[in-house]
Visitor: 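Structure incoming, see below.
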Amino acid sequence: PSALRELAVEVPCVGWADVGGLDDVKQRLREAVEWPFRVPGALARVGAQAPRGVLLYGPPGCSKTLLARAVACEAKLNFLAIKGGELYSKYVGESERAIAALFARARTTAPCIIFFDEIDGLAGTRSDDGAGGHVGDRVMAQLLSEMDGLQDRLGVVVLAATNRPDCVDTALLRPGRFDRLLHVPPPDASGRMEILRVKLQKTPVAADVNLQQLAERTDGYTGADLGALVREAGLAALDEDISAHHVSMHHFEQALQLVPPSTPSSDHV
Ligand code: ATP
């Protein structure tokens, strides 16, 4: 059906090195997703089980999507991504079938990750289906039954992300479903320093640029904010001199004025 054709399979080419900081989260993802594929049997030897589903939660712009893509790439798994709410807007009236098609597609492209971004949006829609039922309930039931049907040999693992863990249907969190929860927090100063390094890979900086100081002054900035900061600093350098080859500290000062932090500073948390 049409829904099948629209689900693009992509092999994203971002790796662990593209994700600054978050060493613990990376390690947990490796254990949960990479190991079962790379070293089958290893978990069983120590009496552990591979999770069917891993839920990444934390504020927007802190690399949940990036991490999902990185683990897929590093473990050489195919990657099918869909946003919770998209199932409703794109596939009106056939949302459950779209879920079934998604899992069918994942099985045929295994080893494969299915990534549900904004999974809270999946249950969030409680619109009436005209027959006294709720579309959201049916979609959720379909997802639960697909997840319950996953077996190790199928080579499909489900990742999901949310900014609002409190809005995730608790049925999804039962054992055998999303039973691994990973918090992806805003970066601390050392994380921000590493993110700045990642973001500055292709940007020559002048000798006066002090990354440590920038990292300390960007409390509350997410990875996405730091990306914007570096972009603005580059533009400020070009604004000053269109033939500029370097970005200097005063360009970062200008960028700091333009790009505010999008999470509360940790001093106030
Ligand atoms: P949302 O909830 O809005 O989907 P998210 O947590 O999934 O947010 P991403 O989409 O992964 O966030 O991050 C947005 C962008 O911010 C990334 O494409 C990347 O450029 C940058 N970014 C965020 N965190 C990091 C990081 N730790 N290292 C490098 N870049 C980062």
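Below, each value reflects all heavy atoms present in this structure, side chains not excepted, and no hydrogens, waters or symmetry copies. For ligands, and for the atoms within them, numbers begin at 1 and follow the listed sequence.
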Visitor: Hey, which of Leu55, Asp148, Leu172 is the one that makes side chain to side chain contact (heavy atoms under 4.5 Å, CB included) with Arg177?
Guide: Asp148

Visitor: Using a strict 4.0 Å cut-off to heavy atoms of Asp18, name the atoms of ligand 1 that fall inside it.
Guide: 28 (N), 29 (C)

Visitor: In this structure, does ligand 1 have an atom that sits under 4.0 Å from one of the heavy atoms of Cys62?
Guide: yes

Visitor: Just which atoms of ligand 1 are under 4.0 Å from any heavy atom in Val19?
Guide: 27 (N), 28 (N)

Visitor: Compute the minimum heavy-atom distance from Leu67 to ligand 1 and say whether it is under 4.0 Å.
Guide: no

Visitor: Could you say whether the N/O atoms of Gly20 and ligand 1 ever approach to under 3.5 Å?
Guide: yes

Visitor: Nearest to atom 8 (O) of ligand 1, what protein heavy atom do you find, and at what distance?
Guide: Gly61 N, 2.8 Å

Visitor: Flag the pair Phe115 / Val71 as yes when at least one side-chain heavy-atom distance between them is below 4.5 Å, and no otherwise.
Guide: no

Visitor: Checking the N or O distance criterion of under 3.5 Å, is ligand 1 in contact with Ala224?
Guide: yes

Visitor: Return yes if a side-chain donor-acceptor contact under 3.5 Å exists between Gln213 and Arg217, otherwise no.
Guide: yes

Visitor: Under the ring pair (Phe, Tyr, Trp, His ring centres under 6.0 Å) definition, can you give me all pairs with a residue in residues 198-225, not counting sequence neighbours?
Guide: none

Visitor: Is it the side chain, the backbone, both or neither of Thr65 that has a heavy atom closer than 4.0 Å to ligand 1?
Guide: both

Visitor: What part of Asp117, side chain, backbone, both or neither, has a heavy atom within less than 4.0 angstrom of ligand 1?
Guide: side chain

Visitor: Ligand 1 versus Lys199, non-hydrogen atoms closer than 4.0 Å: side chain, backbone, both, neither?
Guide: side chain

Visitor: Please list the nearest protein heavy atom to atom 2 (O) of ligand 1 with its residue and the distance rounded to 0.1 Å.
Guide: Asn163 OD1, 2.9 Å

Visitor: Verify the distance criterion only: is there a donor paired with an acceptor across the side chains of Gln212 and Glu216 at less than 3.5 Å?
Guide: yes

Visitor: In terms of atom number and element, which parts of ligand 1 are under 4.0 angstrom from non-hydrogen atoms of Lys64?
Guide: 2 (O), 5 (P), 6 (O), 7 (O), 8 (O), 11 (O), 12 (O)

Visitor: Does a side-chain heavy-atom distance below 4.5 Å link Met147 with Phe178?
Guide: yes

Visitor: Looking at ligand 1, does any of its N/O atoms fall within less than 3.5 Å of an N/O of Leu66?
Guide: yes

Visitor: Specify the protein heavy atom at minimum distance from atom 13 (O) of ligand 1: its residue, its atom name, and the distance to 0.1 Å.
Guide: Ser63 N, 3.8 Å

Visitor: Below 3.5 angstrom, do we get any N/O pair linking Ile195 and ligand 1?
Guide: no

Visitor: Does anything in residues 232-248 pair up under salt bridge (charged side-chain N to carboxylate O under 4.0 Å, His left out), and if so which pairs, sequence neighbours excluded?
Guide: none

Visitor: Is Arg28 salt-bridged to Glu31, cutoff N-O under 4.0 Å?
Guide: yes

Visitor: Between Lys64 and Asp117, does any side-chain N to carboxylate O distance fall below 4.0 Å?
Guide: no

Visitor: Is any side-chain heavy atom of Leu226 closer than 4.5 Å to a side-chain heavy atom of Val198?
Guide: no

